[in-house]
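Have a look at the structure below before the remarks.
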Amino acid sequence: MKLSDLGEFGLINRIRKLSQRKSSSTVIGIGDDAAAVKISASHVMLVTTDLLLEDVHFDLRYTDYYSLGWKSAAVNLSDIAAMGGTPRYCLTALGIPRKISADEVYDFYRGFDKLLDAQKTILVGGDTCSSQNFFISVTAVGDVKLSHVIRRSGARPGDHIFVTGTLGDSAAGLELLQMRSAESGIRNGKSKIIRKPKSVRHGSGLHSALIKRHLRPAPRVEWGRKIALSGCASAMIDISDGLSSDLFHICKESRVGADILADRIPLSSALKKVSGELSNRAVQYALDGGEDYELLFSVPENRVKKIYSLNLPVTEIGTITKGRKISVIDRAGKKRELRPKGYDHFRRS
Ligand code: ADP
Ligand code: MG
């Protein structure tokens, strides 16, 4: 079977079925944001790893090394946040091409360390080798009380669906970076065909805000921990692949469906203002864009009041339903199926 037919998640499912062996201390194996392994009667260690590859996850034409370091840490800490945990340690393995200088690698680590320092997390090791393309592998280790760990699999029909912060900024920021890059390509005589809107050429504070959310996302560690401590959430995931895909993961693991109200999806004022320049794709970015690293979680009816009492920036966007269908309802009340459209490393449609 071709990988393009199986898709990334089909492949992971196969690996998961093959690796059913568990020890008595494995609380959560493959299938969640991080694995959880018992380290005492009351606590689990959380472990997660993520790869960032040049020309797949980042483009060095418009990504600075400091931001790249920051983001490499952020995407891993975000997975610890999604379990309700506290990050403690990281390891970094780098494949470094000859075109990159020692100062640039140092810049990468300055960005990496800045975020780690803010999250009181310590770099304890890694590995370094030369390679054709720049690749970054980060492993993060954290912990959480066993009774507080939040899985993807706990959502039940009737639960309310919440997200933290706002969605779609990162995808819009990426689009703006790509437009600028195409622009400078024109200026350098590489292409004479592509024309981009004037406003993008000049940039603005709004553009910078969106670009910053793409290059230096903030992992919602503190919010994740508060949600976990409150005991309000029945399931949680971080939005790395996009709302449509990450909601799909929660629904699949919980064996439920969901109804999302498109109108309720929180958009930043910067995204709303810039949306016109980006073919009015704000809602599409929010649904399918990914890399916002906000938290998506479900809350049973009787704990909704409590979640609001935490005073976190959360928005209710829908309901968990029986059956397995995920739908999005527009302003006019029209319902359509929401398919997971986030990035799949193998599927090409
Ligand atoms: P996230 O988007 O939260 O980083 P992923 O979609 O990358 O999560 O992974 C989903 C689950 O599949 C996780 O439990 C992860 O550890 C597991 N996983 C992904 N790739 C592999 C692999 N090659 N081998 C074993 N487990 C994997
Ligand atoms: Mg995740």
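Excluded from the calculations below are hydrogen atoms, water molecules and symmetry mates; all remaining heavy atoms, backbone and side chain alike, are included. Ligands are counted one by one from 1 in listed order, and the atoms in each one are counted from 1 as well. By convention here, the first residue in the shown sequence is residue 1.
Under the 4.0 Å criterion applied to side-chain N and carboxylate O atoms, D143 and R88 are assigned as salt-bridge partners. The residues K99 and E104 are annotated as not salt-bridged, no charged nitrogen and carboxylate oxygen being separated by less than 4.0 angstrom. With respect to K335 and D259, a salt bridge is recorded, a charged nitrogen being found less than 4.0 Å from a carboxylate O. In summary, D107 and R110 engage in a salt bridge, as defined by a charged side-chain N under 4.0 Å from a carboxylate O.
Angle OD1(D79) to the Mg ion (ligand 2) to OD1(D238), rounded to 10°: 90°.
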Quick one: table the atom pairs, ligand 1 N or O against protein N or O, below 3.5 Å, distance rounded to 0.1 Å.
| from | atom 1 | to | atom 2 | distance (Å) |
| --- | --- | --- | --- | --- |
| ligand 1 | 2 (O) | S240 | OG | 3.3 |
| ligand 1 | 3 (O) | D33 | OD1 | 3.1 |
| ligand 1 | 3 (O) | D79 | OD1 | 3.0 |
| ligand 1 | 3 (O) | R152 | NH2 | 3.1 |
| ligand 1 | 4 (O) | D79 | OD2 | 3.2 |
| ligand 1 | 14 (O) | G31 | N | 2.8 |
| ligand 1 | 14 (O) | D32 | N | 3.3 |
| ligand 1 | 14 (O) | D32 | O | 2.9 |

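When you scan the N, O or S atoms of D33 for the one nearest the Mg ion (ligand 2), you land on OD1.
With no hydrogens or angles considered, a side-chain donor-acceptor pair links R213 and T166 at under 3.5 Å. At a cut-off of 3.5 Å, with distance as the only test, a side-chain donor of D288 or S244 sits close to an acceptor on the other residue.
Using the six-membered ring where Trp is involved, F134 and Y65 have ring planes that are tilted, between 30° and 60° apart.
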